[in-house]
Amino acid sequence: GEETAAQPTATSQENNITRLLNEALRLSKAGIGSTPTVEDLLDWYHTCGGRIEDAGWLSEYFDVFNAPEAIGGLSPIRIGPKTMAGQAVPDRAPESFNQLFARQPTDFQQEATRTQLMAFDGCKLVDRRDVNVGTPDGGLRRFVYNRVSLPGTLRGRSVVVNATLPVVS
């Protein structure tokens, strides 16, 4: 029988070693408890090709979405605990996110949907945002953040990665 099929190739071993070393470097640069930077997120993306499974500690700082509906809006799979959505929707349930998103101003909904459609289609988007977001209790909360929207994969399926990173002065 062919036993070589079960053996990892030198290239896959090198890729795994590179990925682990890059993760160790990121952790040492960021320090324990530090917030990642846009550069950290882009390093992960370029090293791991947007595979959610390889995001490690960074996954706390981004939300994962299915392809958005052009009319119906966003389709969350997972809300990261340290994202803007995670702060605005304390239970981080996709249904709670959808309810809150539906109460946002139309221009906010359209811009978010458009950005995710572009990311799902392969665009990599980085921008600074300053927005007032409606809260579950009916109030408003101001968020100033760097948004990074990227195409990604989760268990081989195409998704959108949306990170909302605090602006560090």
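None of the values given here were measured: they were computed from a predicted structure.
Here L150 contributes atom CG and L41 contributes atom CG; the two are 5.5 Å apart, rounded to the nearest 0.5 Å. Atom CZ of F65 is separated from atom CZ of F120 by 13.0 Å, given to the nearest 0.5 angstrom. Rounded to the nearest 0.5 angstrom, F62 CZ and S149 OG are separated by 12.0 Å. The CD atom of E60 lies 10.5 Å from the OG1 atom of T35; values are rounded to the nearest 0.5 Å. The line from OG of S34 to CH2 of W57 is 7.0 Å long, rounded to the nearest 0.5 Å. Interatomic distance, M84 CE to R129 CZ, rounded to the nearest 0.5 Å: 7.5 Å.
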**Request:** Might you work through the side-chain contact (heavy atoms from CB on, under 4.5 Å) test for V161 and W44, ending with a clear yes or no?
**Result:** CA-CA 12 Å; V161 173; W44 157 75; 4.2 Å; yes
**Request:** Could you go through the side-chain contact (heavy atoms from CB on, under 4.5 Å) check for N146 and V167 one step at a time?
**Result:** CA-CA 6 Å; N146 292 316; V167 173; 4.1 Å; yes
**Request:** Go through the steps to decide whether I79 and V89 satisfy the test side-chain contact (heavy atoms from CB on, under 4.5 Å), and finish with yes or no.
**Result:** CA-CA 9 Å; I79 303 297; V89 182; 5.6 Å; no
**Request:** Begin with the C-alpha distance, continue with both residues' side-chain angles, and end with the deciding distance and a verdict on salt bridge (Lys or Arg N to Asp or Glu O under 4.0 Å) for D63 and R78.
**Result:** CA-CA 6 Å; D63 307 316; R78 185 187 66 78; over 6 Å; no
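Under the 3.5 Å distance criterion, the side-chain polar atoms of Q109 are matched with a main-chain donor or acceptor of A102. Checked by atom type and distance alone, the side chain of T47 pairs as donor or acceptor with a backbone atom of D43 at under 3.5 Å. Of the possible polar contacts, none joining the D121 side chain to the M118 backbone as a donor-acceptor pair under 3.5 Å is found. Put simply, the side chain of T113 never gets that close to the backbone of Q110: no donor and acceptor are under 3.5 Å apart. A donor-acceptor pair under 3.5 Å links the side-chain atoms of E53 to the main chain of R155, judged by distance alone. A donor-acceptor pair under 3.5 Å is formed between the side chain of T83 and the backbone N or O of G80.
Y145 and F143 have perpendicular rings, their planes meeting at more than 60° on a 0 to 90° scale where under 30° would count as parallel.
In the hydrophobic cluster analysis, where Ile, Leu, Val, Met, Phe, Trp and Tyr join through side-chain heavy atoms closer than 4.5 angstrom, L117 is grouped apart from V126. Residues Y61 and V64 fall within the same hydrophobic cluster, defined by Ile, Leu, Val, Met, Phe, Trp and Tyr side chains chained together at heavy-atom separations under 4.5 Å. Follow the hydrophobic side-chain contacts under 4.5 Å out from L125 and you never reach V131; the two are in separate clusters.
Counting only heavy atoms from C-beta outward, the side chains of K124 and P151 approach each other to under 4.5 Å. Proximity of I52 to T153: side-chain heavy atoms (C-beta onward) are nowhere separated by under 4.5 Å. Here the side chains of R141 and Q87 are in contact, with some heavy-atom distance below 4.5 Å. The closest side-chain heavy-atom distance from N98 to E95 is not below 4.5 Å. In this structure, the side chains of T37 and L165 stay at 4.5 Å or more apart for every pair of heavy atoms.
Under the side-chain hydrogen bond (donor to acceptor under 3.5 Å, both in side chains) test applied with R147, the options D127, T164, N162 reduce to a single match, D127.
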